[in-house]
Amino acid sequence: RENDITQLRDSLSSLQLTFAESQTDQPATRPVEQEIVILYKVRRGDNLSKISQFYYSDWSMYKKIEKDNDLTQPYILKVGQLLTIKLEQE
């Protein structure tokens, strides 16, 4: 009976060591960033600066909208054109 108890203790010690090692090998966790995607329909009088001011509170973020939509002529927007607006949220 003592032999059984000794074997159980050894097994338990081995499991505890394995568990402890697995916990230290885990990478550090970071908060997950989420992205919100909005499909914006261009209206008369719109330009990228106005749109970026509205969504990002910064008119100079028009370059992000330009890049996200692969616009070759960002100064020419057509009424009804759909633009993808990507917002990051933590």
Side-chain angles (χ1 to χ4, degrees):
R1 182 148 169 105
E2 273 186 48
N3 194 21
D4 290 342
I5 293 173
T6 303
Q7 284 180 343
L8 284 172
R9 281 187 190 149
D10 290 343
S11 295
L12 182 59
S13 293
S14 176
L15 284 173
Q16 288 173 337
L17 284 174
T18 303
F19 179 74
E21 289 171 0
S22 70
Q23 294 301 309
T24 58
D25 291 341
Q26 297 296 323
T29 57
R30 292 183 292 143
V32 176
E33 291 183 12
Q34 295 178 341
E35 186 175 65
I36 298 171
V37 178
I38 297 170
L39 208 53
Y40 180 81
K41 191 174 189 177
V42 175
R43 297 179 293 187
R44 186 177 191 176
D46 277 344
N47 61 49
L48 293 183
S49 296
K50 279 185 185 179
I51 297 168
S52 63
Q53 179 65 40
F54 181 80
Y55 284 104
Y56 301 114
S57 299
D58 182 357
W59 68 269
S60 66
M61 292 288 289
Y62 72 89
K63 295 174 187 173
K64 178 170 176 37
I65 298 173
E66 181 181 334
K67 181 183 174 204
D68 290 343
N69 290 277
D70 297 320
L71 299 176
T72 55
Q73 296 179 316
Y75 44 86
I76 299 176
L77 297 178
K78 296 179 183 175
V79 173
Q81 179 179 355
L82 294 177
L83 297 175
T84 301
I85 310 293
K86 296 180 181 179
L87 305 173
E88 292 178 4
Q89 181 182 32
E90 290 187 30

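Formation of a donor-acceptor pair under 3.5 Å by the N47 side chain with backbone atoms of S49 is found in this model.
Taken from NZ in K67 to NZ in K64, the straight-line distance is 7.5 Å, to the nearest 0.5 Å.
Taking the side chain to side chain donor-acceptor pair (under 3.5 Å) definition, one finds that D46 meets it with Y40, sequence neighbours left out. Checked against side-chain contact (heavy atoms from CB on, under 4.5 Å), I38 has the following partners two or more places apart in sequence or in another chain: I36, Y55, I85, L87.
When all heavy atoms of S52 and S60 are compared, the closest pair comes out as OG-N, 4.4 Å. Heavy atoms only, all atoms of each residue included: P74 and L48 are closest at CB-CD1, 3.5 Å.
Applying the side chain to side chain donor-acceptor pair (under 3.5 Å) rule to pairs touching residues 70-87 yields nothing, sequence neighbours excluded.
Looking only at side-chain heavy atoms (C-beta outward), I65 and Y56 come within less than 4.5 Å of each other.
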